[in-house]
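First listed ligand is number 1; within each ligand, the first listed atom is number 1.
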Amino acid sequence: MSFESLGLSSPVLQAVSEKGYATPTPIQEKAIPIVLMGRDVLGCAQTGTGKTASFVLPMIDILAQGRAKARMPRSLILEPTRELAAQVAENFDMYGKYNKLNMALLIGGVSFEDQERALERGVDVLIATPGRLLDHFERGKVLLNDVKVLVIDEADRMLDMGFIPDVERIVGLLPPLRQTLFFSATMPPEIKRLADRFLSNPREVTVTPPASTAKNIVQGLAVVAEEDKREALRRLIREQDVKNAIVFCNRKRDVAVLQGSLKKHGFNAGALHGDMSQPARMETLEKFKQGEIQILVASDVAARGLDIVDMSHVFNFDVPFSPEDYVHRIGRTGRAGKTGHSFTLASPDDGALVDAIEKLIGSAIPRVEVPGMDTLEFEPSDGRKRRGRGRGAKSGSGERARSPRRERKPRDERPIEQQVEAPVARETRPPRPARERRPEREHHREPRAERPSRSHDRRPERRRERDDSAPIGLGDHVPAFLARPAR
Ligand code: AMP
């Protein structure tokens, strides 16, 4: 199938062809004709599938006729993070270069004044993160009654980040007669319920089964002692032919520490996390995209949806707390049909988290051994609390305090590429529900300092600022995340 057969206009086709894309991806093939018909779409697709162009291209044509009034955008795209919003804006710039559409990007970390000026000129396409959009709305700088097309992108991530109350409020401000395009990488029941409320008689478009991992990603998982993870990471990076890589950490404070350690060992490493200023985030990202930084140590929030086409590797320095995050993380590699590699470092305590991931993706992640290092087994999840050092604790005197119960396996001396086999179907054991033990993780929020107070703020408890200090040994102390009620 060609782009020409999808019903797009010549200016858009011209821009697509100049970008060098000859054939539409499956999501584009399925979604574009439906969007052009004016129908609502419920799209189940991850980033990396060409999802952005699947709504940007037809929207350019839909919005080609008509003019926007001051402060009354004609379309609205909601994105969970600033980076994703900026990427969508880049897509409009690129594919809309032969159309005269006004665009405004409302994200945190950037001055209100410039954004207000853009709104004042009248915008055809408004791309926003929910918090910043509501800030402008409350200041009376934007009216949403003229929005004809609404896109809610990465809905499952919006849910994870606690943005759904804001999204619901925004949707309540829109005219009921509109076209809505709703995308999510996964479709848990909460998201499905939301889609049912927001969409009217939608056509469903699914390009990969929910939460599946791309076939062209070679995955591996090594179980090593917590205190050996940095060494294991360095060995993996050296052993692999790493062109560029993201290394994911669960906590933002570990991001800087790990980056420092990698730099000390001679690696060209940068860091990206939600506490950095927006200009610093953009600068780091740009350097990474340009190849000036080879290894980007990042937290989930900062790295969500990054579109770096040619990324060779993803390393999970920590097993993500939520299994969906595993799918998102490794989806940063193997994009647009290229082969990617993903390696996860797990500590012996991470068995339940890995279980939940394998249950979600429907296959076992092949176990690998880090060259020259001991490989351990997961500890049995017998529910007993161990005393002693917790996750991420520093090895005080440098001594290696491994539990005597930890089994070491005989070493597999084969190169990693040979150790990694095709994922095998796993026997499905019911995992402990992942949300039950979701520890502190970084939640990105737009800065609220500039926000006027709201008497009716319905944001849930979990959106409050968190202390992301590492939980200490479970025997000594009950960390806050365990005391908090499960969602
Ligand atoms: P997305 O899922 O929107 O984040 O897109 C993933 C990557 O695929 C981006 O780098 C796009 O530029 C690229 N892409 C989008 N459409 C196509 C296409 N039809 N052919 C090849 N690459 C594409």
### Task
Considering the heavy atoms of Thr25, write down every atom of ligand 1 situated less than 4.0 Å from one of them.
17 (C), 18 (C), 19 (N)
### Task
Identify which of Tyr95, Phe3, Tyr21 has a heavy atom lying nearest to atom 11 (C) of ligand 1.
Tyr21
### Message
Under 4.0 Å, heavy-atom basis, I'd like to know which part of Thr23 is in contact with ligand 1: side chain, backbone, both or neither.
### Response
backbone
### Message
Under a 3.5 Å threshold, yes or no: a donor from one side chain and an acceptor from the other, between Gln115 and His136?
### Response
yes
### Task
Can you measure from CG (Leu150) to OG1 (Thr180) and round to the nearest 0.5 angstrom?
5.0 Å
### Query
How does Gln28 reach ligand 1, by side chain, by backbone, by both or by neither, if only non-hydrogen atoms under 4.0 Å count?
side chain
### Task
Please work out which of the three classes, parallel, tilted or perpendicular, describes the rings of His313 and Phe343, given edges at 30° and 60°.
parallel
### Query
Just which atoms of ligand 1 are under 4.0 Å from any heavy atom in Thr52?
1 (P), 3 (O), 4 (O)
#### Entry: Element-labelled atoms of ligand 1 that are located less than 4.0 Å from some non-hydrogen atom of Lys51
1 (P), 2 (O), 3 (O)
### Message
Looking at Arg329 and Asp300, is there a salt bridge between them, counting it only when a charged N and a carboxylate O are closer than 4.0 Å?
### Response
yes
### Close aromatic pair by centroid cut-off 6.0 Å: Phe248 and Phe315
no
